Amino acid sequence: MAEYDFQTIEKKWQKFWQDNNIYQVQVDPSLPKYYALDMFPYPSGAGLHVGHPLGYIASDIVSRYKRLKGFNVLHPMGFDSFGLPAEQYAIQTGQHPEITTAQNITRYKEQLRNLGFSYDWDKEVQTSSPDFYKWTQWIFMQLFQSWYNKVTDKAEPIDTLISVFKKEGNELVQAVCDEETPLFTASQWQQMTEAEQQKMLLNYRLTYLADTVVNWCPGLGTVLANDEIKDGFSERGGYPVVRKKMKQWMMRITAYADRLLEGLDRIDWTDSLKEMQRNWIGKSVGCELDFVVQDSDIILTAFTTRPDTIFGVTYITLAPEHELISQLTTDAQQQAVKAYVEKAANRSELDRMADVKTVSGVFTGSYSINPISGELVPIWVADYVLAGYGTGVVMGVPSSDDRDFRFANHFDLPIVYVIEGTETMEDPTEKKHGTIINSDFLNGMDSHEAMQAAIERAEAEGKGKSKVNFRIRDAVFSRQRYWGEPVPVYFKDDIPYLLDESELPLALPPVNEYKPTEEGEPPLGRADDWKYRDEYPYELTTMPGWAGSSWYHFRYMDPHNETEFVSKQAQSYWENVDLYIGGTEHATGHLLYSRFWTKFLYDRGDITVDEPYKKLINQGMIQGQSSIVYRVHQKNTFVSHGLKDQYKVSPMHVDISLVSNNVLDIDAFRQWREDLGEAEFILEDGKYVCGSEVEKMSKRLFNVVNPDDVVEQYGADTLRLYEMFLGPLEQSKPWNTNGIDGVYKFFRKLWRLFHNKQGAFFVTDEAPTHEELKVLHKTIKKAQEDIENYSFNTTVSSFMICVNELTSLKCQKRAILHDLVIILSPFAPHIAEELWHALGNESSVTQTVFPTFDEQYLIEAVHEYPISINGKVRAKMNFALDVSKEEIERQVLDAEPVQRWLEGKSPKRVIVVPKRIVNIVI
RNA sequence: GCGGAUGUGGCGAAAUUGGUAGACGCACUAGACUUAGGAUCUAGCGCCGCGAGGCAUGGGGGUUCGAGUCCCUCCAUCCGCACCA
């Protein structure tokens with residue numbers, strides 16, 4: 001090989017790794033373990049683009065590094081293969097999603113293989129494979145068979161609950177359950193019919209059927225979770241979403257709200273991501289206070305986080321959906337209130353969100369009694385109060401809440417100031433805490449003391465109790481789709497029953513079409529004989545996309561196990577994921593559900609960990625660089641970017657493969673689409689210059705860069721190194737290949753250094769010099785520290801420096817190359833493997849050991865000190881390392897250049913910072 | 001509005017955590033070699049200035065012998081949440 005021939009090299013070693021199962025891994029208790037995981041992709045029809053590998057490269061570098069450091073590394077890859085696009089395609093073409101999915105997976109695997117990742121493909125999982133979803137269904141069944149015991153603070157088998165019911169009813173049971181669960185005694189339980197008992201148990205099960213208002217997306221024909229909606233439209237497809245009441249399977253994630261919150265303190269995720277989860281869970285500590293309605297026995301319970309401001313209450317407000325509104329409304333107000341409630345009900349979710357600023361509301365005519373002060377306050381209805389949060393009743397404190405403040409100002413309600421200093425402020429709500437005033441027994445306390453005191457008083461008088469509220473809701477688990485896991489449930493007399501575990505997997509049945517049925521049932525309604533034992537109808541909905549991804553990290557540990565979702569032995573060895581890399585878009589979806597299921601499985605004793613991912617890195621997105629041409633209105637004429645302002649034009653995305661350096665290849669453009677064959681151009685300087693824009697990489701915008709093309713042109717090692725070189729992993733950046741030549745040059749230099757003019761491998765067996773060892777050990781140290789800090793871009797720089805320095809030293813020594821190849825191998829495994837074998841090694845470079853750096857080569861015998869005078873560096877001097885500060889100071893002051901600057905004056909002080917700088921202040 | 005983050009040459013970015021700002025790479029300039037290349041090598045490359053030198057890390061202020069780094073304040077951009085009582 002005369003030159004660096006990456007194509008031959010990369011093919012050769014990829015085959016070698018595969019043929020020799022180099023990356024296969026198994027449980028080995030004699031070795032420490034490391035588990036590095038990427039968020040597995042959905043295999044879309046568009047294939048991988050250059051953005052996908054960013055995180056994969058990083059996790060591969062860490063995996064390879066950890067192997068060299070003696071760890072047994074689990075580094076698997078798989079596919080989140082249930083999902084909407086394959087199903088949409090099936091609806092259009094009639095092709096079974098399984099076929100499309102399989103084709104896409106084949107393509108993805110080939111693309112991944114081209115990049116030289118060290119995956120153990122024997123560990124692959126696919127969520128749509130029956131071997132896998134059998135266990136997704138199994139976990140669903142365990143959730144169904146469990147309830148959450150608040151006393152032990154964990155999930156327990158439903159049987160334990162049933163035996164309590166038999167003995168003593170449910171009065172003393174401390175469970176997370178539906179708020180409307182009625183109380184019953186043991187004998188009442190015994191007298192219930194089977195159906196009644198089953199209905200009752202649904203109030204307790206961790207997955208349950210419920211009539212709920214859901215986000216129904218008619219365009220997709222399915223229900224969506226809150227995090228699948230953006231601004232009232234579906235995230236996928238952008239169809240409108242409406243609120244609709246439907247019977248749905250739910251997951252009682254609220255049972256875990258506190259533990260999901262508390263667990264965040266024990267994991268190494270970014271603050272922003274933890275904060276997102278905290279906001280999503282939305283814990284607020286406060287209390288409920290009972291406002292008795294005047295001349296009535298109706299009690300309105302309000303939730304507040306600020307009981308200390310209770311004396312500032314000047315009105316209370318109900319959500320328009322509140323069921324007691326008509327009872328509370330006086331005859332005189334009846335009409336106005338009715339009109340308001342109706343108007344609010346008809347407002348779509350979107351409208352309501354769109355105008356947060358507008359204040360609206362209506363007085364009911366009634367009054368209620370402040371439970372602490374005893375004052376009478378008016379009862380209003382307003383749509384800024386949400387029915388779904390707290391109790392749907394808010395106590396209005398205009399002086400310390402800005403919505404209440406706006407409301408009171410708008411309707412001329414009185415304002416009572418209860419925090420010292422706020423009475424003179426233009427916006428009193430800006431001061432949230434302080435000394436309490438105008439508040440009877442709370443006067444003089446600070447806000448926090450007053451909260452306690454107010455709650456104590458309310459509790460003592462039986463008018464309230466402390467209470468914790470969460471924003472998080474139970475998760476909807478039903479999707480009216482075909483391409484998902486069937487729910488292992490059948491119905492007898494409308495009561496859901498589980499299949500027997502031995503009957504899993506419940507396989508997806510064939511259907512003739514993938515659309516909903518004419519009656520509006522999900523696609524499974526089309527399956528023939530979709531009945532349990534030919535008798536009882538199966539559930540027709542399927543599970544959501546996040547079902548499989550909520551536990552897949554355990555399946556990788558033991559993917560072929562037919563009797564358990566993961567063996568105890570495999571799980572207790574691999575524990576959980578040490579490093580998880582993926583995008584931030586799953587912050588409140590996958591990453592939350594996955595933690596939930598992990599905690600549940602932990603409660604059951606199936607696994608030994610209660611958090612799935614110890615460390616999480618959110619890699620940035622690689623955006624596309626779109627190219628844009630400008631079409632003159634009504635004409636088939638395109639005007640160059642610099643001249644476009646002189647015409648009326650509409651921009652049009654053009655495939656980036658037709659453009660280089662923003663200059664359009666006109667002939668290729670004419671052939672690109674039929675209607676462009678006759679296109680005319682208005683050029684500048686004889687060229688057509690395109691506009692460009694940084695956007696999400698997407699097929700639709702013709703800006704997708706396929707990694708295969710980059711690999712073809714520069715090789716996988718160059719692509720890997722270049723993606724790391726682009727900047728910090730977490731940072732988003734547009735893709736461009738402006739700097740890729742620099743990385744490519746690095747490999748050629750390295751190659752040429754260790755090959756002679758004829759292209760034969762060349763090293764000498766001479767012992768390395770001190771200077772050469774310094775270069776090497778500096779690089780080893782840097783590589784090790786950088787990888788451990790996930791700072792890969794600077795490692796690439798230090799490799800470049802290393803090769804430049806070795807080149808100028810003409811160092812072609814075996815010992816140097818030996819170590820250099822090893823430290824390079826996590827980044828550029830192919831060329832490293834090639835050189836490793838050229839050095840005469842038989843086994844893979846993967847199987848060797850990361851070299852340790854020796855500090856002795858890193859310590860300079862002398863150190864050059866910058867000499868700064870009044871903050872400016874004026875000279876440089878060398879001192880041996882063992883020279884004392886005092887000696888340095890003395891010599892510096894005697895030195896001729898320093899004397900020149902001192903101009904005879906004596907310095908006020910001299911500061912010697914060891915191995916840094918000498919600072920002289922005159 | 002609330003929460004999180006970021007701001008350094010023409011560009012991507014470094015900066016041992018308070019110690020020579022701009023490593024490394026791209027682009028650019030000049031030169032060398034030529035089997036004329038999208039190759040390789042050498043040198044230069046923040047701004048002003050012929051120079052000594054001065055000015056520079058979003059703006060302004062502060063602490064310090066010394067600030068990209070710490071504190072205050074303002075501005076800009078990105079992301080997340082959004083009537084959560």
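Small disclaimer: the values here were computed from a predicted structure and weren't measured. The analysis underlying the following values was restricted to heavy atoms, covering all of them including side chains, and did not include hydrogens, waters or symmetry mates. Every chain is numbered from 1, with letters handed out A, B, ... down the list of sequences.
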For this session: Select from A:Val393 and A:Glu275 the residue whose nearest nucleotide in RNA chain B is closer to the 5' end of that strand.
Result: A:Glu275
Problem set entry | Earlier contact from the 5' end, RNA chain B, for A:Gly390 and A:Ser808 | A:Ser808
Let me know the distance between [atom1] of [X] and [atom2] of [N], rounded to the nearest Å.
| X | N | atom1 | atom2 | answer |
| --- | --- | --- | --- | --- |
| A:Met395 | B:C83 | CE | P | 20 Å |
| A:Ile917 | B:A15 | CD1 | P | 19 Å |
| A:Arg471 | B:A82 | CZ | C1' | 9 Å |
| A:Trp280 | B:A82 | CH2 | C1' | 11 Å |
| A:Phe792 | B:A13 | CZ | C1' | 17 Å |
| A:His410 | B:C83 | NE2 | P | 19 Å |
| A:Arg406 | B:A85 | CZ | P | 15 Å |
| A:Lys274 | B:A5 | NZ | P | 13 Å |

Exercise. What's the verdict on side chain to side chain contact (heavy atoms under 4.5 Å, CB included) for A:Val394 and A:Asp401, showing C-alpha distance, side-chain angles and the deciding distance?
Worked result: CA-CA 11 Å; A:Val394 168; A:Asp401 181 286; over 6 Å; no
For this session: Give each stem of RNA chain B as a range with a range, requiring at least 3 consecutive Watson-Crick or G-U wobble pairs whose two distances are under 3.5 Å.
Result: B:1-7 with B:75-81, B:10-12 with B:24-26, B:28-32 with B:40-44, B:46-48 with B:53-55, B:58-62 with B:70-74
What distance, rounded to whole Å, do you find between the two [atom1] atoms, one in [N] and one in [M]?
| N | M | atom1 | result |
| --- | --- | --- | --- |
| B:U17 | B:C79 | C1' | 26 Å |
| B:G19 | B:C70 | C1' | 15 Å |
| B:A67 | B:U57 | P | 11 Å |
| B:A76 | B:G60 | C1' | 15 Å |
| B:A23 | B:A13 | C1' | 10 Å |
| B:C47 | B:U8 | C1' | 14 Å |
| B:U16 | B:G68 | C1' | 15 Å |
| B:U42 | B:C24 | P | 13 Å |

Problem set entry | Basic-acidic side-chain contact under 4.0 Å: A:Asp741, A:Arg748 | no
Exercise. Does any N or O in the side chain of A:Gln899 come within less than 3.5 Å of the main-chain N or O of A:Leu893, such that one atom is a donor and the other an acceptor?
Worked result: yes
Exercise. Counting distance only, does the side-chain N/O of A:Gln277 pair as donor-acceptor with the main-chain N or O of A:Thr588 below 3.5 Å?
Worked result: no
Problem set entry | Full working for ring pair (Phe, Tyr, Trp, His ring centres under 6.0 Å) between A:Phe6 and A:Phe747 | CA-CA 9 Å; A:Phe6 56 83; A:Phe747 284 113; 9.3 Å; no
Problem set entry | The single option from A:Asp271, A:Asp265, A:Asp258 passing salt bridge (charged side-chain N to carboxylate O under 4.0 Å, His left out) against A:Arg278 | A:Asp265
Is the distance from OP1 or OP2 of [N] to the nearest side-chain N or O of [X] less than 4.0 Å?
| X | N | answer |
| --- | --- | --- |
| A:Thr588 | B:C81 | no |
| A:Gln277 | B:C81 | no |
| A:Arg752 | B:U40 | no |

Nearest to the [X] side chain among [options], which nucleotide is it?
| X | options | result |
| --- | --- | --- |
| A:Tyr389 | B:A85, B:U16, B:C81 | B:A85 |
| A:Glu864 | B:G54, B:U20, B:A85 | B:U20 |
| A:Arg748 | B:A39, B:A13, B:U20 | B:A39 |
| A:Thr305 | B:G54, B:A14, B:A85 | B:A85 |

Exercise. How does each nucleotide of nucleotides 22-28 of chain B score, in 5' to 3' order, for protein heavy atoms under 4.0 Å: base (B), sugar-phosphate only (S), or none (-)?
Worked result: -BBSS--
Over 60° means perpendicular and under 30° means parallel, so classify the ring planes of [Y] and [X], tilted if in between.
| X | Y | value |
| --- | --- | --- |
| A:Tyr4 | A:Tyr744 | tilted |
| A:Tyr389 | A:Phe303 | perpendicular |
| A:His755 | A:Trp751 | parallel |

Are [X] and [Y] close enough that some pair of their side-chain heavy atoms sits under 4.5 Å apart?
| X | Y | answer |
| --- | --- | --- |
| A:Ile622 | A:Leu726 | yes |
| A:Met724 | A:Asn793 | no |
| A:Ile253 | A:Arg473 | no |

Exercise. Does the side chain to side chain contact (heavy atoms under 4.5 Å, CB included) test come out yes or no for A:Thr304 and A:Leu289, once each step is laid out?
Worked result: CA-CA 8 Å; A:Thr304 179; A:Leu289 294 169; 4.0 Å; yes
Enumerate all atom pairs, one protein N or O and one N or O from nucleotides 62-66 of chain B, separated by less than 3.5 Å.
from: B:C65; atom 1: OP1; to: A:Arg909; atom 2: NH1; distance (Å): 2.9
from: B:C65; atom 1: O2; to: A:Asn919; atom 2: ND2; distance (Å): 3.0

Seminar exercise, completed: ring pair (Phe, Tyr, Trp, His ring centres under 6.0 Å) filter on A:Phe411, not counting sequence neighbours, yields A:Trp380, A:Phe407
Anything under 3.5 Å between a protein N or O and an N or O of nucleotides 30-37 of chain B, put it in a table, one pair a line.
none

Exercise. Syn or anti for B:U34, with syn set at within 90° of 0?
Worked result: anti
For this session: Enter syn or anti for the glycosidic conformation of B:G54, syn applying to angles within 90° of 0.
Result: anti
Exercise. With sequence neighbours left out, what residues match A:Glu896 under salt bridge (charged side-chain N to carboxylate O under 4.0 Å, His left out)?
Worked result: A:Arg900
Exercise. Is a side-chain donor-acceptor pair under 3.5 Å present for A:Asn469 with A:Ser284?
Worked result: no
For this session: Determine the contact category for A:Val873: base if any of its heavy atoms lies under 4.0 Å from a base atom, sugar-phosphate if only primed atoms, P, OP1 or OP2 are that close, otherwise nothing.
Result: sugar-phosphate
